[in-house]
Amino acid sequence: MALHKHYANAPIREALIDIRVELLPGTELSSLDEADELIRVDYPTRSEMKLFQGEISLIGQASASAKQEIIGYRFSARDGKQVVQTRLDGFTFSRLTPYEHWEALRDEAKKLWRIYQGVARPQKITRIAVRYINQIDIPLPMRDFKDFFRTFPDVSEDLPQELGGFLMQLQIPQEDFDGMLVLTEALVPPARPNVASVVLDIDVFKISDNLGSGDDAWSFLELLRERKNEIFEGCITDKARELFGPSVM
Amino acid sequence: MPLATQNARPPAIYLPLSGQQAEGPEFILSLGKIRRAVEASVYWRALEAFVRAEAQLMEFSRLTADWDSYEAEPPNATARECAAQILGILRTSNLPPTRVVPSSEGGVGICFVNGEAYADIESLNSGELLAVMYTGTEEPHVWEITQNEESIIEAVEQIRGHLTS
């Protein structure tokens, strides 16, 4: 299996590094505010991340209530191509298209993580993930999605074969490191005329109480990244690879 | 079943999960997880916003004259088609609009709001394209956009700069 391929026109639309943490009990949102000034140097636009919760009660007289809670902040770079989330339950860094390379993603995420770590002072890391969202635009007309994908929903031959849309999610344990792959594949509205756009969302993660508090976790991310590459290559065919242009190892 | 065939059986494809791996193995919890996975991603959230915007745009074809009770004309096919083209460019540029509205001037408004900063692109029934930007109560900056991809991309980047400044 070919690894570490770097395609000229990689279909990556978003690459994420996600680290969930446990903070000291009673840590308040205001503690994250201390990171504002440092993050806003390169990520000036801040928006609040809200969690909406609703409750419907059918006991006695039916009633409904809803509340919203701010759980963190989302900061965007001036060009909108990089976004960092700082939350009470963790940290996420996203790189949007055009994707450069893993090292740039990792190093920027690490720089921002240090800022987050400095103010949030996480007790431990509880979940760590590498997630790549690919959008593969297949030129029309095409014969069969399976000419491009090796992991794809199978429709019985007794049913019509035309697909108007689909959403498939597979949860595949990664037993060697006690982790998990959540593979989401979906047909989405076409990015432009005369293509069919399929999203391949590869989320590889590990949940554990033993992920350490810093450097160990960053070493582990390298393994997740390798696994993500194997999974991506394992999901596509050579015909799909041709869409991404020449590759270098 | 012949023994050889039995031996050739592939391994079971269902692997029971430990609670730790699965974050809750029940399928129904997956629906909530899909929602959270969408929320965590800039790409999926933007895609959702574009699908919603395109659906709003399609709804405008059902508006009739005087839809706002102030004698406004409904957005015509020219305005809607041009707005659809702009939404395509915005999707490529990864700048989802806050909302898409019919304009009382006759046309479609594609609006962006970030705090006090506001911008919109108006695709008018006449075929003209206008952009507007302002912050708070300051005087709006209005300019006409030539109807080609380069000019629209240029306006989109100006709007992005305004929203993030």
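Naming convention: chains lettered A, B, ... in sequence-line order (proteins, then strands); numbering from 1 in each chain.
Rounded to the nearest 0.5 Å, atoms CG (B/Asn94) and OG1 (A/Thr97) are 8.5 Å apart. Rounding to the nearest 0.5 Å gives a distance of 9.5 Å between CD of A/Gln85 and CD of B/Glu39. Considering CZ of B/Arg91 and CD of A/Gln135, their distance stands at 5.0 Å, rounded to 0.5 Å. How far OG of B/Ser41 is from CG of A/Leu96: 8.0 Å, rounded to the nearest 0.5 Å.
The local environment of CD in B/Glu138 is crowded, with over 12 non-hydrogen atoms from other residues, nucleotides or ligands closer than 6.0 Å. More than 12 heavy atoms of other residues, nucleotides or ligands lie within 6.0 Å of CE in A/Met168, so this atom counts as buried by the packing criterion. Within 6.0 Å of CZ on B/Arg62 lie no more than 12 heavy atoms contributed by other residues, nucleotides or ligands. Counting non-hydrogen atoms of other residues, nucleotides and ligands closer than 6.0 Å to CD of B/Glu157 gives a total above 12.
In this structure, no portion of A/Arg87 lies under 4.5 Å from any heavy atom of chain B. Looking at B/Ala37, both its backbone and its side chain come within 4.5 Å of chain A, counting heavy atoms on both sides. Neither the backbone nor the side chain of A/Pro193 comes within less than 4.5 Å of any heavy atom of chain B. Only the side chain of A/Ala186 comes within contact range of chain B, with heavy atoms under 4.5 Å apart. Residue B/Ala46: no heavy atom, backbone or side chain, is found under 4.5 Å from chain A. For chain B, no part of A/Ser76 is nearby; none of its heavy atoms comes within less than 4.5 Å. Contacts between A/Asp18 and chain B at a heavy-atom distance below 4.5 Å are absent for every atom of the residue. Using a 4.5 Å cut-off between heavy atoms, B/Val42 contacts chain A through both its backbone and its side chain.
By the 4.5 Å heavy-atom criterion applied to side chains, A/Val188 and B/Trp44 are counted as neighbours.
The two atoms that bring B/Thr164 and A/Pro44 nearest to each other are O-CG, 3.8 Å, heavy atoms only. When all heavy atoms of A/Val199 and B/Tyr43 are compared, the pair lying nearest together is CG2-OH, 3.1 Å.
Annotation: maximal heavy-atom pairing with chain A below 4.5 Å, among B/Val51, B/Ile34, B/Leu95, occurs at B/Ile34. When each of A/Gln169, A/Arg131, A/Lys206 is checked for heavy-atom pairs under 4.5 Å with chain B, A/Arg131 comes out on top.
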